[in-house]
J.: 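Before I ask anything, here is the structure I am working with.
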Amino acid sequence: MAAFSISEIKKRIADFPKKNLIHLPTPLQKLENLSQELGGPEIYIKRDDMTGLAFGGNKSRKLEFIIQDVLNKKADAIVTWASLQSNWCLQTAAAARKFDIRPILILFKTYDLPEEYDGNLLLDYILDADVIIKEAEKGKAVRIEDIYEIVKAVENEVKEWGHTPYVAPIGGSMVGGSMEKPLGAISYVNAFVELLEQAAKQGLEINYVLHATGSGGTKGGLAVGAKALKEDTKVLGISVSENKESYGKEVLTIARDTVKALSLDLSMAKEDIIILDEYIKEGYGILNKEVSKALRFVAIKEGIFLDPVYTGKAMAALIDLVQKGYFKKRDKVVFFHTGGTPALFPNKQHLVNLLKK
Ligand SMILES: Cc1ncc(COP(=O)(O)O)c(C=O)c1O
């Protein structure tokens, strides 16, 4: 039996007001060709790449809640950070602009991509976002401990410009900066509710949800949703950057903060946070043969483009798990497409080289 009913969870989420920025529900579709070709479980896709804000993606769900928080706090600028080709930063800039909030993005060069107006960097430019580019260790995601001073300095500078800045933590995931509640994760509890309602309409019993995980808000929210509403659905997070021990602890913190924020009598344990880290391979944002093959496979079989940093890695993992016999043939697996496709373009050279071989 579920610990909570859908209507109870919806009521708790409704305590957190949000701005309507996106088209919901996002489609839940069966990947007929892919399922048949792989000969394993039935594979479905949740199209969070089709949210309709900028180029879509998981971050726009989070931003519905975060932008409302920015407005509640009467801030008129938003300072955030991530990697050079960050989807989070693009989505933040697009959402902020709609509400006349000035976006200030600190972008770290965590991989060897040129600082050209391409992919998300081009879109940031079209949005006239303030962009500050900084050097960083390659192949690793940005960690707040390493860049705290930089963010603080930018926040102070923005104040000197006469603005009231809202500091949004990377990915809108971990509570911090001006965000006092795990709003990103709450939006993904909501996404789990949405998924269950769609599945019920389609007569679908979901056994697994699989998604890419980076800053942890998506993972934390989905894990809480599953624990509260359907504990027999396993949520598999494919890490793109961090090893599962240290990262698992961070996600558990996000999940526990989420349970607390929603006043749920639910105890989230280490075992509730399933993270697979063996697909990180060469490091964060570094393309490999399996990812390039997964991108081409899904494009050819389903006419759907994945991104090279997150969903491509998650799909390479899904394919590998099917081939290893991880799932039963009658299982139903939902793959979350969390967006990020603009990053295909700045990665064009790597991608073409890998696909040519
Ligand atoms: C396309 C895409 N998918 C998945 C993720 C991971 O989501 P989260 O940061 O909530 O773990 C990100 C994060 O940037 C992303 O851009």
Side-chain angles (χ1 to χ4, degrees), residues 26 45-51 53-63 65-66 80-94 105 107-108 110-111 119-120 123 141-144 168-176 179 182-192 209-225 235-242 244 247-248 250-255 258 273-277 279-280 284-285 291 295 304-317 335-344 347:
T26 57
I45 191 164
K46 178 75 172 144
R47 299 293 305 269
D48 274 14
D49 57 318
M50 292 176 66
T51 53
L53 176 75
F55 280 72
N58 59 343
K59 299 300 153 41
S60 44
R61 277 191 193 268
K62 301 178 178 191
L63 283 156
F65 290 88
I66 294 169
T80 194
W81 67 92
S83 294
L84 188 68
Q85 282 291 341
S86 163
N87 305 309
W88 155 249
C89 287
L90 164 70
Q91 295 273 313
T92 301
L105 313 176
L107 304 180
F108 290 87
T110 54
Y111 28 59
N120 285 318
L123 304 175
V142 196
R143 302 190 60 78
I144 183 66
I170 184 168
S173 291
M174 185 70 88
V175 167
M179 195 181 83
L183 298 175
I186 289 172
S187 80
Y188 265 86
V189 179
N190 210 26
F192 193 84
V209 168
L210 185 144
H211 66 100
T213 181
S215 66
T218 305
K219 165 96 255 163
L222 290 174
V224 170
V235 181
L236 308 179
I238 308 302
S239 175
V240 297
S241 56
E242 306 294 323
K244 62 183 172 197
Y247 180 57
E250 285 178 28
V251 179
L252 189 55
T253 302
I254 295 172
T258 305
I273 309 294
I274 311 171
I275 294 166
L276 306 186
D277 61 4
Y279 299 97
I280 301 171
Y284 175 65
V291 174
L295 291 173
I304 295 172
F305 286 94
L306 302 174
D307 86 284
V309 181
Y310 296 91
T311 52
K313 253 184 192 168
M315 182 53 79
F335 176 87
F336 256 86
H337 189 336
T338 43
T341 45
L344 280 170
N347 276 288

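Remember, it's 1-based here, ligands and their atoms both numbered in the order they're listed.
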J.: Could you pull out the closest heavy-atom pair between T80 and A168, with the gap in Å?
T.: OG1-O, 2.7 Å

J.: Heavy atoms, side chains only, cut-off 4.5 Å: are F335 and L306 in contact?
T.: yes

J.: Just which atoms of ligand 1 are under 4.0 Å from any heavy atom in G339?
T.: 1 (C)

J.: Looking only at side chains, do K59 and T92 share a donor and an acceptor under 3.5 Å apart?
T.: no

J.: Return the residue, atom name and 0.1 Å-rounded distance of the protein heavy atom closest to atom 4 (C) of ligand 1.
T.: T338 OG1, 3.2 Å

J.: Say whether G57 and ligand 1 are in contact under the criterion: heavy-atom distance to a ligand atom below 4.0 Å.
T.: no

J.: To the nearest 0.5 Å, what is the distance between NZ on K46 and OG1 on T338?
T.: 12.5 Å

J.: Can you tell me if G171 has a non-hydrogen atom under 4.0 Å from ligand 1?
T.: no

J.: For ligand 1, which atoms have a heavy atom of T213 less than 4.0 angstrom away?
T.: 11 (O)

J.: Can you check whether D307's main-chain N or O pairs, donor with acceptor, with T311's side chain at less than 3.5 Å?
T.: yes

J.: List ligand 1 atoms under 4.0 Å from G340, heavy atoms only on the residue side.
T.: 1 (C)

J.: Using a 4.0 Å cutoff against the non-hydrogen atoms of G214, which atoms of ligand 1 qualify?
T.: 6 (C), 8 (P), 9 (O), 11 (O)

J.: Can you tell me if T311 has a non-hydrogen atom under 4.0 Å from ligand 1?
T.: no

J.: For residues W88 and S215, is any side-chain donor paired with an opposing acceptor at under 3.5 Å?
T.: no

J.: Just heavy atoms, cut-off under 4.0 Å: does N58 contact ligand 1 by side chain, backbone, both, or neither?
T.: side chain

J.: Can you confirm whether the side chains of Y188 and T258 place a donor and an acceptor under 3.5 Å from each other?
T.: no

J.: Would you say the side-chain atoms of K62 pair up with the backbone N or O of S173, donor to acceptor, closer than 3.5 Å?
T.: no

J.: Is it true that a side-chain atom of H211 and a backbone atom of V235 form a donor plus acceptor pair closer than 3.5 Å?
T.: no

J.: Could you tell me whether N87 approaches ligand 1 through its side chain, its backbone, both or neither, with non-hydrogen atoms closer than 4.0 Å?
T.: side chain

J.: Going by the order shown, which atoms of ligand 1 are within less than 4.0 Å of some heavy atom of K59?
T.: 5 (C), 7 (O), 9 (O), 12 (C), 13 (C), 14 (O), 15 (C), 16 (O)

J.: Heavy-atom contacts under 4.0 Å between H211 and ligand 1: side chain, backbone, both, or neither?
T.: neither

J.: Identify, by atom number and element, the atoms of ligand 1 in contact range of K62, meaning under 4.0 Å from any of its heavy atoms.
T.: 8 (P), 9 (O), 10 (O)

J.: Please state which part of Y310 comes within less than 4.0 Å of ligand 1, counting heavy atoms only: side chain, backbone, both or neither.
T.: side chain

J.: As an exercise, identify every atom of ligand 1 less than 4.0 angstrom from a heavy atom of S215.
T.: 8 (P), 9 (O), 10 (O), 11 (O)

J.: Output the list of atoms in ligand 1 that are nearer than 4.0 Å to some heavy atom of A212, sorted by atom number.
T.: 4 (C), 6 (C)

J.: For S83 and T110, which heavy atoms make the closest approach, and how far apart are they?
T.: OG-OG1, 2.9 Å

